[in-house]
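One structure is given below, encoded as structure tokens.
Proteins come first, then strands; the chains are lettered A, B, ... in the order of their sequence lines, and each starts at number 1.
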Amino acid sequence: GQQVMQIPQYQHVQEGEDFTTYCNSSTTLSNIQWYKQRPGGHPVFLIQLVKSGEVKKQKRLTFQFGEAKKNSSLHITATQTTDVGTYFCVTDYKLSFGAGTTVTVRA
Amino acid sequence: DTGVSQDPRHKITKRGQNVTFRCDPISEHNRLYWYRQTLGQGPEFLTYFQNEAQLEKSRLLSDRFSAERPKGSFSTLEIQRTEQGDSAMYLCASSLAGSTGIASNYGYTFGSGTRLTVV
């Protein structure tokens with residue numbers, strides 16, 4: 001099956017700073033999805049990337065799908081306390097979740 | 001339609017008892033997934049349905065677990081002879097997937113989950 005590795009596992013960010021989380025696969029992916037799970041909550045869909053090299057933006061969040069469709073990244077600018085949570089990249093094959101990047105924010 | 005509903009929200013059961021959870025997906029969604037999530041871990045795939053057909057079941061799932069989606073609408077997940085290791089959050093998700101299997105641009109909608117505690 002298609003497994004993805006996410007790095008870093010934990011990200012401690014000063015409020016206002018930027019950070020990036022990465023998702024890597026050993027195999028070519030048909031697509032990739034990103035979800036956010038707040039503490040105590042359930043995963044919430046953020047975006048789906050399908051095309052090679054695709055870049056999508058949602059306000060302060062920028063999602064990118066690699067040219068080879070083997071990796072993806074999520075970049076958040078000007079981090080806010082509302083960004084706290086765990087971000088998962090997910091392959092559509094069996095909707096397999098990576099381990100996630102857990103983000104904490106220092107005010 | 002208010003989204004994916006799961007019932008019950010919480011379940012405490014004694015070891016050895018059977019439990020059944022229900023998931024009501026968004027009505028027009030054809031694909032339904034079950035996951036298990038323990039504290040600090042990502043959701044772990046259990047099984048998924050395309051309409052009423054169960055297309056795949058995780059090898060991690062023992063014979064004590066069974067899932068059904070009899071009419072392609074709601075689904076049930078049953079755990080027989082529960083063990084303490086079954087304690088977890090059980091999540092259901094649904095989506096409208098096209099013929100290629102790729103989810104719509106709305107992704108998968110998750111329910112709030114059923115938290116199972118086996119004592």
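At a 4.5 Å heavy-atom cutoff, B:Glu44 makes no contact with chain A through either its backbone or its side chain. Contact of A:Gln37 with chain B is made through the side chain alone, with heavy-atom distances under 4.5 Å.
A:Phe97 is connected to B:Phe45 through a chain of hydrophobic side-chain contacts under 4.5 Å among Ile, Leu, Val, Met, Phe, Trp and Tyr, so both are in one cluster. Cluster annotation: A:Tyr22 is not connected to A:Val90 through the hydrophobic network of ILVMFWY side chains, with a link wherever side-chain heavy atoms come within less than 4.5 Å. Clustering ILVMFWY residues whenever any of their side-chain heavy atoms sit less than 4.5 angstrom apart, transitively, puts A:Leu74 in a cluster other than the one holding A:Val55. Tracing side-chain contacts under 4.5 Å through hydrophobic residues (I, L, V, M, F, W, Y), one never reaches A:Val44 starting from B:Tyr90; they form parts of separate clusters. Taken together through direct or relayed side-chain contacts under 4.5 Å among Ile, Leu, Val, Met, Phe, Trp and Tyr, A:Val13 and A:Trp34 form part of one hydrophobic cluster.
In terms of heavy atoms, B:Gln37 sits closest to A:Phe88 at NE2-CZ, 4.2 Å.
By the 4.5 Å heavy-atom criterion applied to side chains, B:Ser95 and A:Phe45 are not counted as neighbours. Taking 4.5 Å as the limit, some side-chain heavy atom of A:Pro43 sits within range of a side-chain heavy atom of B:Leu91.
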